[in-house]
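Inspection log for the structure reproduced underneath, given as structure tokens.
Bear in mind that the values here come from a model prediction, so they are computed numbers and not experimental data. As a basis for the values below, the full set of heavy atoms in this structure was taken, side chains included, without hydrogen atoms, waters or symmetry mates.
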Amino acid sequence: MRFLSELPREGTALSNNNRTYGWLIASALLAILAVGFLLYAVLHAVSSDANRRQNDVIRDIAYGTLAPETIAPAVTTTSAPDTTPAATTTSAPQTTPAATTTSAPDTTPAATTTSAPDTTPAATTTSAPQTTPAATTTSAPQTTPAATTTSAPQTTPAVTTTSAPETTPAVTTTVAQTTAAKPETTAAPSLSPLPEGFPPEADARIDFEALKKECADIYAWITVPGANVDLPILRHPTDNAYYLDHDLYGKESDAGAIFTESYNSKDFSDFITVVYGHSMRDGSMFAPLLEFRDRDFFDKHRHIIVHTEEKTLVYQIFAAYRWDDRHILLNYDFSGDLMRYSYISYVMSIRDMYSVIDTEADVDTDDKILTLSCCTYVDGNRFIVQGVLIGER
């Protein structure tokens, strides 16, 4: 009986121990989860900061030759006036008069009597009578010619041939080369004026030569005025999914890059061109596109600009809506007008709280539609912003 009466106490002790162990295990798991979350937050912050800095650097490279209206006048007004007048007024007057006034009078009288008419009448009337009789009547010709032929001709021509002819042409040649090179530096290709209503960002100049030194896969540049989208567009030559998790330098990255697939041409001549990008939680890459879910934002920011090496394309945004995981280019055959019309009609009919559609937009089957696609973190859906081509230059 005593043994049986003690059983509940042992059972209670065992259950208390189990509770203690359970709390210890739960606490350890919570601690591990907390540490893991902190590590993830730190790594995400570091990655986000690196991604932002990389985007800032690539923008600086792209806009290194931006706007000839800003840079070209600066080159012209600063360099041209400082070099050309300095070379002309400083070197030419100092060398040419010095060579003319110093050497010419010294050589003409001393070397020969025929150059007297080139100087003044005084040289003719004074020196010629004195030298001619002396040479004829007296024995002085032995000394005078010696002094004349030895000292005057040897020293004076040396000064003449060294200083005047060699310095003056050198200065003249240098100034001529500097002046001729200026038009090549300051001349910029002229652009047609922007059509009325086009955003000023369409007048930007993108330095694709410098960008291709960073990444050969860069072939275009996209800007969404009003939203913080201002990035290069890439396409990998063999792997359509490469830039989902690689940055433009080929390093693995959660942010990836803005890219298109081989299903589209690089000249944006297809009926629909799809440009992909991640919607990063730090607001980078295509995250600003989610702002177009708001009608006020949509109404105030209606343009997308794409720069290529050959031209600049301007699109007017007409739709922003939620989309499922279907691949637009693989699920629709846009080779015929019927499917194109069906697709446009479907987009214009979308009505939900996450979508904004301009039903009055003029979009037809022969238009060129740019589609920007990003993730939404909701049910695996994507968010689409579409614009129709309204002009190019």
Side-chain angles (χ1 to χ4, degrees), residues 55 59 63 67 193-204 206 220-231 233 258 260 268 270-307 311-324 326 328 340-379 381-393:
N55 289 340
R59 288 189 191 103
Y63 290 106
L194 286 172
E196 184 177 356
F198 274 34
E201 288 85 353
D203 204 22
I206 303 299
W221 187 274
I222 185 170
T223 303
V224 182
N228 189 25
V229 174
D230 196 28
L231 295 164
I233 301 177
I258 307 302
T260 60
F268 297 86
D270 299 318
F271 171 66
I272 287 186
T273 299
V274 182
V275 182
Y276 298 95
H278 286 300
S279 173
M280 301 303 293
R281 296 185 187 275
D282 62 2
S284 63
M285 310 311 286
F286 267 0
L289 296 182
L290 299 178
E291 296 289 338
F292 284 95
R293 294 177 295 187
D294 179 72
R295 183 78 201 199
D296 290 337
F297 187 90
F298 180 95
D299 290 337
K300 292 177 182 178
H301 308 96
R302 297 297 298 274
H303 292 102
I304 304 171
I305 301 167
V306 173
H307 298 280
K311 56 189 175 182
T312 296
L313 307 170
V314 180
Y315 299 84
Q316 182 169 314
I317 297 172
F318 68 89
Y321 55 92
R322 189 171 57 176
W323 185 256
D324 53 31
R326 285 176 296 168
I328 295 177
R340 295 183 182 187
Y341 178 80
S342 176
Y343 177 80
I344 294 171
S345 299
Y346 169 76
V347 171
M348 291 299 182
S349 67
I350 295 176
R351 300 289 185 274
D352 64 56
M353 62 183 299
Y354 299 106
S355 304
V356 181
I357 308 297
D358 180 8
T359 56
E360 302 297 323
D362 184 14
V363 184
D364 206 346
T365 56
D366 58 350
D367 284 323
K368 303 294 183 290
I369 298 174
L370 183 67
T371 300
L372 310 184
S373 176
C374 68
C375 48
T376 63
Y377 300 108
V378 179
D379 300 330
N381 289 328
R382 304 190 66 79
F383 190 72
I384 301 293
V385 175
Q386 288 182 315
V388 59
L389 183 66
I390 59 174
E392 64 179 74
R393 62 198 300 238

Any idea which heavy atoms bring [X] and [Y] closest together, and the distance?
{"X": "A320", "Y": "F383", "value": "CB-CZ, 3.8 Å"}
{"X": "L290", "Y": "R293", "value": "O-NE, 3.0 Å"}
{"X": "H278", "Y": "M285", "value": "O-CB, 3.1 Å"}
{"X": "P288", "Y": "S284", "value": "CD-O, 4.2 Å"}
{"X": "G387", "Y": "I304", "value": "N-CD1, 4.4 Å"}

- Any idea how F297 and H301 line up, ring-wise: parallel (<30°), tilted (30 to 60°), or perpendicular (>60°)? tilted
State the [atom1]-[atom2] distance between [X] and [Y], to the nearest 0.5 angstrom.
{"X": "I390", "Y": "Q316", "atom1": "CD1", "atom2": "CD", "value": "5.0 Å"}
{"X": "L389", "Y": "F268", "atom1": "CG", "atom2": "CZ", "value": "11.0 Å"}
{"X": "Y315", "Y": "I222", "atom1": "OH", "atom2": "CD1", "value": "9.0 Å"}
{"X": "H307", "Y": "D203", "atom1": "NE2", "atom2": "CG", "value": "8.5 Å"}
{"X": "N55", "Y": "L231", "atom1": "CG", "atom2": "CG", "value": "5.0 Å"}
{"X": "M348", "Y": "Y321", "atom1": "CE", "atom2": "OH", "value": "10.0 Å"}

- Query: Among D230, I258, V306, which residue meets the side chain to side chain contact (heavy atoms under 4.5 Å, CB included) test with W221?
  - Reply: D230
- Item | Expected output: side-chain D352 to main-chain S355 donor-acceptor under 3.5 Å | yes
- Task: Examine distances only and state if a side-chain atom of R295 and a backbone atom of F292 form a donor-acceptor pair shorter than 3.5 Å.
- Result: no
- Item | Candidate pair F318 and V347, rule side-chain contact (heavy atoms from CB on, under 4.5 Å), full reasoning | CA-CA 10 Å; F318 68 89; V347 171; 4.2 Å; yes
- Task: State, with a plain yes or no, whether a side-chain heavy atom of P225 is found less than 4.5 Å away from one of I305.
- Result: yes
Report, one line per pair, each donor and acceptor closer than 3.5 Å where one atom sits in a side chain of residues 357-374; sequence neighbours left out.
unit_1: D358; atom_1: OD1; unit_2: E360; atom_2: N; d: 3.2
unit_1: D358; atom_1: OD2; unit_2: R302; atom_2: NH2; d: 2.8
unit_1: D367; atom_1: OD2; unit_2: D364; atom_2: N; d: 2.6
unit_1: T371; atom_1: OG1; unit_2: Q386; atom_2: NE2; d: 2.9
unit_1: S373; atom_1: OG; unit_2: R382; atom_2: NE; d: 2.7
unit_1: S373; atom_1: OG; unit_2: R382; atom_2: NH2; d: 3.4

- Task: Just do the side-chain contact (heavy atoms from CB on, under 4.5 Å) check on Y343 and I272 with the steps written out, would you?
- Result: CA-CA 11 Å; Y343 177 80; I272 287 186; 3.4 Å; yes
